[in-house]
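Following: one structure in structure tokens, then a few remarks.
Only this structure's heavy atoms are used, side chains among them; waters, hydrogens and symmetry mates stay out.
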Amino acid sequence: MKRRLASKKTVVCVGPGGVGKTTTAAALGVIAARSGLRTLVCTIDPAPRLADALGVANLGAKPSPIAAATAAALGIASPDRLHAMRVDPSAAFAQLVNEQVADPELRRHIFGNPLYRSVTTNLTGSQEYAATLALYEIRRDGAYDLIVLDTPPTANALEFLETPERLATAIASPAVQWFARPDPREKRFSLKRLGVGGAMVIRRAGRLMGSQFLDDLGAFLLDIREVLGGFLARAREIEAVLKQPDVGFVLVLTPAAAAVSEALYFARRLRETGSPLCCFIANRTLPEPGNHTAASLRASLLSLPSLCDLPKEELDLATTCLARMAEFLAKIARAQKQELERLSREAPGIEITTVPLLPHDVSSIDSLRAIADRLGSG
Ligand SMILES: Nc1ncnc2c1ncn2[C@@H]1O[C@H](COP(=O)(O)OP(=O)(O)OP(=O)(O)O)[C@@H](O)[C@H]1O
Ligand SMILES: [Mg+2]
């Protein structure tokens, strides 16, 4: 893993919701920093206890070094090797607007419009786009050897990759272009431009949401044309960045049938777009099933000093329960193994690193170190 990280300048952790992307991003950052690379972990909404553990709970959109004690506990020689930050979607969009709009009055107008706030925080894909905007800026500054980018909890790993393109397509759509190029003499958005059907829809929306909505919409459409070109250009630049050979995608998955099928699809799509996958990380894998017979479980129970005097019926009951549970876990472990074999067969040449299911959340320095150790040795 160390070798693989050293050949990249950006590693993007993708995968469906809840599989362990943020945890993996943090652990990869630890591995890179241990090997001396100036590393930035760019997280999105980390679980509060992991953020606490990394010392990023109160951080804004600016990278900060982790605490010296944290670095020492994680086996990192110097705290300045590992910086961490949270992606702040509103800050990322604000930076882009600031870059594109020279007039401070117009900027204030845009930022003050409730529709602007809604589009940049609630619109599907706004978090993904903000993450790529942040990545673009940090890469441009060139202060780090490696940036590890966490991605938002999307329902589908592909959403992240497709966001800049989708956004560019949406921006370039004739409807938006049409809105973006109103009559230069117009100072206000006019329903006259919409034609009968469009005007009716907007009027109806206005009736539902109040006339303030129409005013906000009109102001938004007029103001935003100043930045549409910039949004489009940046989306295209980001698309190009994500295809650079020094950008690697790490796909985190759980070793279950649906997740493996999705991972295979994602690997194929990445190959088609010219940015092949770096590796798979199969998180929360169960260990190889041991050979637990009722007799061996009974002997193990009896070897515990506190249980050696257990009445025979209770010992029999405990053995039966444990045997059933062991059989159940072995079944899941075998199914996981088969799925990982399928992944390896159908995506030849892409390495799979497994990370075991820990008995608890990864919310302490110790558990993060355990994951990093495991990934580092993989
Ligand atoms: N190997 C593991 N063993 C046990 N718990 C784990 C492991 N990896 C991650 N977790 C826990 O699983 C939960 C989800 O992990 P994480 O937040 O990293 O996932 P995510 O993919 O970033 O989620 P989201 O899509 O919501 O952003 C966390 O509580 C984390 O501590
Ligand atoms: Mg996450």
Side chain to side chain, Arg139 and Thr10, heavy atoms closer than 4.5 Å = yes
Would you call Lys312 and Asp316 a salt bridge, using N to O less than 4.0 angstrom?
-> yes
Would you call Asp145 and Lys8 a salt bridge, taking side-chain N to carboxylate O under 4.0 Å as the test?
-> no
State, without any angle test, whether Asp366 and Ser364 hold a side-chain donor-acceptor pair at a distance under 3.5 Å.
-> no
Is the shortest heavy-atom distance from the side chain of Val241 to the side chain of Glu237 under 4.5 Å?
-> no
Is there a side-chain contact between Leu40 and Val148 (heavy atoms, below 4.5 Å)?
-> no
Taking side chain as C-beta onward, heavy atoms only, is Phe280 less than 4.5 Å from Glu351?
-> no
Measure across Ile31 and Gly376 and return the closest heavy-atom pair with its distance rounded to 0.1 Å.
-> CD1-N, 3.5 Å
With the side chain counted from C-beta on, respond yes when Val41 and Ile147 share a heavy-atom pair under 4.5 Å apart, and no when they do not.
-> no
Which of Gln100, Glu99, Glu239 passes side-chain hydrogen bond (donor to acceptor under 3.5 Å, both in side chains) with Arg234? It is Glu99
Side chains of Thr285 and Leu357: closer than 4.5 Å at any heavy-atom pair?
-> no
Hey, are Asp88 and Lys62 close enough for a salt bridge, meaning a charged N less than 4.0 Å from a carboxylate O?
-> no
Spacing of OG1 belonging to Thr132 relative to CG belonging to Leu149, to within rounding of 0.5 Å | 8.5 Å
Over all heavy atoms of both residues, which pair between Cys13 and Leu28 is shortest? Give the atoms and the distance, please.
-> SG-CD1, 3.9 Å
May I have the list of side-chain donor-acceptor pairs in residues 247-261 shorter than 3.5 Å, sequence neighbours left out?
{"residue": "Ser261", "atom": "OG", "partner": "Ala257", "partner atom": "O", "Å": "3.2"}
{"residue": "Ser261", "atom": "OG", "partner": "Arg342", "partner atom": "NH2", "Å": "3.1"}

Would a 4.5 Å heavy-atom cut-off, applied to side chains only, mark Asn283 and Val19 as touching?
-> no
Polar side chain donor-acceptor pair, Thr354 to Arg374, under 3.5 angstrom = yes
Below 4.0 angstrom, N of the basic side chain to O of the carboxylate: do Lys21 and Asp150 qualify?
-> no
Contact summary for Tyr144 and His83, nearest pair of heavy atoms = OH-ND1, 2.9 Å
Taking atom CG of Asp80 and atom OG of Ser64, what is their separation to the nearest 0.5 Å?
-> 12.5 Å
Kindly indicate, with the supporting measurements, whether the criterion salt bridge (Lys or Arg N to Asp or Glu O under 4.0 Å) is fulfilled by Lys337 and Glu341.
-> CA-CA 6 Å; Lys337 190 159 175 267; Glu341 282 165 2; 3.6 Å; yes
Donor-acceptor contact present, side-chain Gln336 to main-chain Leu286, <3.5 Å | yes
Closest non-hydrogen atom pair, Arg107 against Ala102 | NH2-O, 3.2 Å
Heavy-atom distance under 4.5 Å between the side chains of Asp141 and Ile138, does that happen here?
-> no
Are Leu317 and Leu310 co-members of a hydrophobic cluster defined by side-chain heavy atoms under 4.5 Å apart?
-> no
